[in-house]
Every structure is written in structure tokens, then in C-alpha cells.
Amino acid sequence: MDQGPVLIITFQAQVVMVIRSPKGDIVEGDPEKVMRMMYVWALCRDQEELNPSAAWRLLDISASSTEQIL
């Protein structure tokens, strides 16, 4: 590609999304609802950067969720 080598990473995670107030009350979300998240990250190698630990740049990210049925 024009920007150099591209690395595509896909992974899944099980997530519980809950926001609580400082008192511990649930403001948003459900602590019993498990979501399955699917992530796709596209990274490119910066040809100008000589440090290999800093050379990868995030090009794009995608996330989608479905309710986990247990």
C-alpha cells in the first residue's frame, strides 16, 4: 500500500458495560448483560520512524457488539 506495510488485527472480547456514580449506584448499563465485542485494527508501519517500538500507527479501528447469550 502507499503508506507501507499494513497489519490487520482482529480479536473478540466479552465486555460488561456499566457506569456507576461515586456512591456506587448504576447510572447506565446493566452489570448482568454480557456483550461480545468484535474489534478490527489496521496499523501501518511509519517508514520514517527508526524506533521499532514507535513505528506503528493506527490507520483505522472498527468495533461491533452483539449480546452474549449465556
Side-chain angles (χ1 to χ4, degrees):
M1 298 188 78
D2 293 339
Q3 63 269 30
V6 174
L7 178 64
I8 306 293
I9 299 171
T10 61
F11 61 96
Q12 292 184 29
Q14 291 178 321
V15 180
V16 176
M17 295 184 190
V18 177
I19 298 173
R20 294 183 183 266
S21 71
K23 295 179 181 178
D25 299 325
I26 297 172
V27 176
E28 186 177 329
D30 182 355
E32 302 298 318
K33 186 176 178 182
V34 179
M35 300 296 290
R36 181 184 305 232
M37 298 292 296
M38 175 67 171
Y39 295 98
V40 180
W41 294 354
L43 301 111
C44 70
R45 179 83 159 86
D46 184 349
Q47 302 296 324
E48 305 292 318
E49 178 62 57
L50 299 177
N51 180 355
S53 297
W56 290 94
R57 305 282 185 247
L58 187 63
L59 280 179
D60 197 6
I61 186 169
S62 172
S64 63
S65 65
T66 57
E67 188 171 350
Q68 180 79 33
I69 299 175
L70 301 173

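All values below come from the heavy atoms of this structure, side chains included, with hydrogens, waters and symmetry mates left out. Everything quoted here is computed from the prediction, not taken from an experiment.
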Response to the item:
Rounded to the nearest 0.5 angstrom, the OG-CE distance for S64 and M38 is 7.0 Å
Worksheet item: Take atom CG in L50; do more than 12 heavy atoms of anything else shown fall under 6.0 Å from it?
Response: no
Worksheet entry | Heavy-atom pair with the smallest gap, counting every atom of A42 and I8 | CB-CD1, 3.6 Å
Practice prompt. Work out which heavy atom in E49 is nearest to a heavy atom in A55; give both atom names and the distance.
Written response: CG-CA, 3.7 Å
Fill in: Atom pair CD1/CZ of I26 and R20 - distance to nearest 0.5 Å
4.5 Å
Worksheet entry | Closest approach of A13 to Y39 (non-hydrogen atoms, all atoms of both residues) | CB-CE1, 4.3 Å
Worksheet item: When hydrophobic residues are tied together by side-chain contacts of less than 4.5 Å, even through go-betweens, does V27 share a cluster with V15?
Response: no
Item to complete: Assess whether atom CH2 of W41 is packed by more than 12 heavy atoms of other residues, nucleotides or ligands within 6.0 Å.
Response: no
Discussion item. Tell me whether L7 shares a hydrophobic cluster with F11, the cluster being built from Ile, Leu, Val, Met, Phe, Trp, Tyr side chains joined at under 4.5 Å.
Written reply: yes
Worksheet item: At what distance, to the nearest 0.5 angstrom, does CD1 of I9 lie from CH2 of W56?
Response: 8.5 Å
Fill in: Validation row: R36, Q12 side chains within 4.5 angstrom (heavy atoms)
yes
Item to complete: Check the surroundings of atom CD in E48: do more than 12 heavy atoms from other residues, nucleotides or ligands lie under 6.0 Å from it?
Response: no
Fill in: Interatomic distance, D30 atom CG to E67 atom CD [nearest 0.5 angstrom]
8.5 Å
Worksheet item: From L59 CG over to R45 CZ, what is the distance, rounded to the nearest 0.5 angstrom?
Response: 13.5 Å
